[in-house]
Amino acid sequence: MSVTMMIDTHSHPLLCSRPLTDWFANAKAAGVHTMIGVATTIQMGLDTLALAKTHPELHPSIGIHPSEADPAVDLDQLSALLAQHPEFKAIGEIGLDFYHKDNPPYAIQRQVFEAQLNAARHANLPVILHSRNADTEILEVLANYSDVRKVFHCFSSGVEFLHKTNDDTTYFSFTGMVTYTNKAFLNEVIAQLPLEKMMIETDCPYLTPTAFDGQENQPAFVGEVAKKIAQVKNIPLDLVLRTTTQTAKTFFTI
Ligand SMILES: [Zn+2]
């Protein structure tokens, strides 16, 4: 394996404005050989699945983001699609988001979140977690799902949070946010968290690493996250790349 091989474990190709031919070509040129294409709605999951037919390096997820939680969402449809399409490698992104206060209402967000955790358990799939201003509540829900593999996407809580999630089904992925000077507290998180618990992601088109300021984020930039981890942990970049790639392969069964 080339030392530069990487997996972007969280990308949104269908939200990016760059032409997708460039998006894929740039990733390949940068050594990013695999991406997880993450959905925020069932329809986006289906559209990402369609895109993956012609781009085998893209692995789709499907799931309902907490901001899209609605009593009308058809959760039976989700389970049926998972059974029908083994190409879906995860359920996500799912979770709780209280950034807009109680909108959607907590009860609805929680109901949709728990239904998807049950679907993950049933399908033996990992989940990609979105948690915003919801640390306490998300841990309360997850206490009932210690058997489900999960990754906290764009991890941006403090070190105290790590001690509350000390089990072998929980992983953490980091975005370009780790390169921002106003997020320097994440250095402590990176320093304390074992490398084997980490994955790297872009969350493109969002959260462009500082080195590419002014450009829309894309999978080709994910190496900046690995560089930051290597620098903070004071370990070889190659070790970060090999370890995070292996973790992602096992976690997503790709
Ligand atoms: Zn995302």
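When a ligand or atom number is given, it counts from 1 through the structure's own listing order.
Take the N/O/S atoms of D203: the one nearest the Zn ion (ligand 1) is OD1. Looking only at its N/O/S atoms, H12 has NE2 as the one nearest to the Zn ion (ligand 1). Looking only at N/O/S atoms, E93 comes nearest to the Zn ion (ligand 1) through OE2.
Proximity of the aromatic rings of Y171 and F152 is defined here by a centroid distance below 6.0 angstrom, and this criterion is not met.
Backbone or side-chain N, O or S atoms of H130 do not reach the Zn ion (ligand 1) at under 2.8 Å.
We find that R110 and E137 are not joined by a salt bridge, their nearest charged nitrogen and carboxylate oxygen being 4.0 Å or further apart. A salt bridge is absent between R121 and E114; no separation between the charged side-chain nitrogens and carboxylate oxygens falls under 4.0 Å.
Side chain of D167 to backbone of T170: a donor-acceptor contact under 3.5 angstrom is found.
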